[in-house]
There are 2 protein chains.
Amino acid sequence: MSTEARRDVFQAIADPTRRQIINLIVKESMNLNAIAENFNISRPAVSQHIKILTECGIVSIRQEGRERFCEPKLAALKEVSNWVDQYRQFWNDRFDSLDNYLTKIQSDNNLKK
Amino acid sequence: MSTEARRDVFQAIADPTRRQIINLIVKESMNLNAIAENFNISRPAVSQHIKILTECGIVSIRQEGRERFCEPKLAALKEVSNWVDQYRQFWNDRFDSLDNYLTKIQSDNNLKK
DNA sequence: TATATATGTAAGCATTTGGTTACGCAAGTT
DNA sequence: AACTTGCGTAACCAAATGCTTACATATATA
């Protein structure tokens, strides 16, 4: 994790631990120690994951006394949703079952030219 | 990219170059050199990206003489689609506009307990 | 057959990533 | 005031990532 970098939602969700963190706090807002209890990694490691999630807008922090509660801001996942949605047709159409839909798409493209 | 590792769809799409490759070949099946022409990185670098995409099932190769055409198998993105879909409600519901839907979810959870 | 083309792969390298331990500090508690 | 709790961050480290160049191999083509 180290210092910093350009944070990106796709990169943020690439890590399985971070996906698990999202899945945890979506059920219930949790403070950092509570989150860390669910993993075998150290508390600072979790803290760094949270930092990444915060930096790319997937998580927001609500301070409450000395505790910091993590809340998901899942609208940040819209970017991923939009990206993947543009390809949805390619596995939903009737050619899917024939396992040759790609060839079909290919020939469609050729027709357009 | 290096040698090998446990390939994962989420990790595969984390790289912007790989997302661009997907976007290229979905329009038209292309061989490796044709793909590489679209990037400023070397041909072997593209080859390694293709390898990763192949290993996690997003791309398949159709050999044709000495050329190898890359075709997308976008059903592999289903995993991403399913993952992100489970959170879709959290940015589609009416609380979204109030920007406090998370608080709502939180209180819902509390009620259930 | 000799050459050109299309590609894979190994080796090397700088950077990033994900983890650790050690420490510091603010906010509660005694 | 002294102690405990919750957390951030720095320093360090091993492994992974993304790239390069160099080379090998298979398939056309002249």
Side-chain angles (χ1 to χ4, degrees), chain A residues 1-25 28-72, chain B residues 1-25 28-72:
Chain A
M1 246 153 311
S2 80
T3 43
E4 54 149 345
R6 201 163 57 276
R7 298 303 178 198
D8 170 76
V9 179
F10 287 92
Q11 199 243 344
I13 64 165
D15 185 272
T17 302
R18 287 196 286 269
R19 288 201 301 279
Q20 282 187 262
I21 290 175
I22 294 170
N23 199 49
L24 262 179
I25 63 178
E28 183 183 14
S29 182
M30 295 168 82
N31 70 17
L32 205 132
N33 277 338
I35 294 170
E37 277 171 14
N38 291 272
F39 299 94
N40 288 327
I41 59 179
S42 69
R43 199 257 316 151
V46 172
S47 183
Q48 284 160 343
H49 280 305
I50 297 288
K51 191 181 183 185
I52 289 171
L53 291 170
T54 302
E55 280 172 2
C56 69
I58 301 180
V59 163
S60 72
I61 306 290
R62 173 173 43 90
Q63 184 105 23
E64 215 164 279
R66 62 189 163 188
E67 291 176 81
R68 311 185 83 202
F69 284 89
C70 298
E71 301 177 335
Chain B
M1 247 150 312
S2 79
T3 44
E4 53 147 346
R6 202 164 58 277
R7 297 305 177 196
D8 171 77
V9 179
F10 287 93
Q11 199 243 345
I13 65 165
D15 186 271
T17 303
R18 287 196 286 268
R19 288 201 302 278
Q20 281 187 263
I21 290 175
I22 294 171
N23 200 48
L24 263 179
I25 62 177
E28 182 183 13
S29 182
M30 295 169 82
N31 69 18
L32 204 132
N33 277 338
I35 294 170
E37 277 171 13
N38 292 273
F39 299 95
N40 289 327
I41 58 178
S42 69
R43 198 257 317 150
V46 172
S47 182
Q48 285 160 345
H49 280 304
I50 298 287
K51 190 181 184 184
I52 289 171
L53 290 170
T54 302
E55 281 173 1
C56 68
I58 301 180
V59 163
S60 72
I61 306 289
R62 173 174 42 90
Q63 185 106 24
E64 215 163 280
R66 61 189 163 190
E67 293 176 78
R68 311 186 82 202
F69 285 89
C70 299
E71 302 177 334

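Protein chains get the first letters and strands the later ones, always in sequence-line order, with residue 1 at the start of each.
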Among [options], the nucleotide that comes nearest once only the side chain of [X] is considered:
X       : options                : result
B:Thr17 : D:dC19, D:dC7, C:dG8   : D:dC19
A:Pro44 : C:dA22, D:dT4, C:dT5   : C:dA22
A:Arg66 : C:dG8, C:dA27, D:dC7   : C:dA27
A:Ser42 : D:dT20, C:dT20, D:dT4  : C:dT20
B:Ser47 : C:dT17, C:dG8, C:dT7   : C:dG8
A:Ile41 : D:dC19, D:dG8, C:dT20  : C:dT20
A:Glu67 : D:dT4, D:dA10, D:dC7   : D:dC7
B:Gln48 : D:dT17, D:dA11, C:dA10 : C:dA10

Verify the contact: side-chain N or O of [X] to OP1 or OP2 of [N], cut-off strictly under 4.0 Å; return yes or no.
X       : N      : answer
A:Arg43 : D:dG6  : no
A:His49 : C:dT17 : no
A:Asn33 : D:dC7  : yes
A:Gln11 : D:dT17 : no

query: So A:Arg68 and A:Asn31, side chain to side chain contact (heavy atoms under 4.5 Å, CB included) or not? Walk me through it.
result: CA-CA 5 Å; A:Arg68 311 185 83 202; A:Asn31 70 17; 5.9 Å; no

Between [X] ([atom1]) and [N] ([atom2]), how many Å, whole number?
X       : N      : atom1 : atom2 : result
A:Asp15 : D:dA15 : CG    : C1'   : 14 Å
B:Phe69 : C:dG8  : CZ    : P     : 13 Å
B:Ile35 : C:dG8  : CD1   : C1'   : 14 Å
B:Asn31 : C:dA6  : CG    : C1'   : 8 Å
A:Arg68 : C:dA26 : CZ    : P     : 13 Å
B:Leu53 : C:dG8  : CG    : P     : 12 Å
B:Gln63 : C:dT5  : CD    : C1'   : 13 Å

The residue among B:Asp8, B:Ile13, B:Val9 that forms side-chain contact (heavy atoms from CB on, under 4.5 Å) with B:Gln11 is B:Asp8

Checklist entry - Taking C-beta and beyond as the side chain, do B:Ile50 and B:Ile61 meet within less than 4.5 Å on heavy atoms? => result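 In short, these two side chains touch, coming nearer than 4.5 Å.
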
Contacts of A:Ala14 and A:Gly65 projected onto DNA chain C by closest heavy atom; the upstream (5') one is A:Ala14

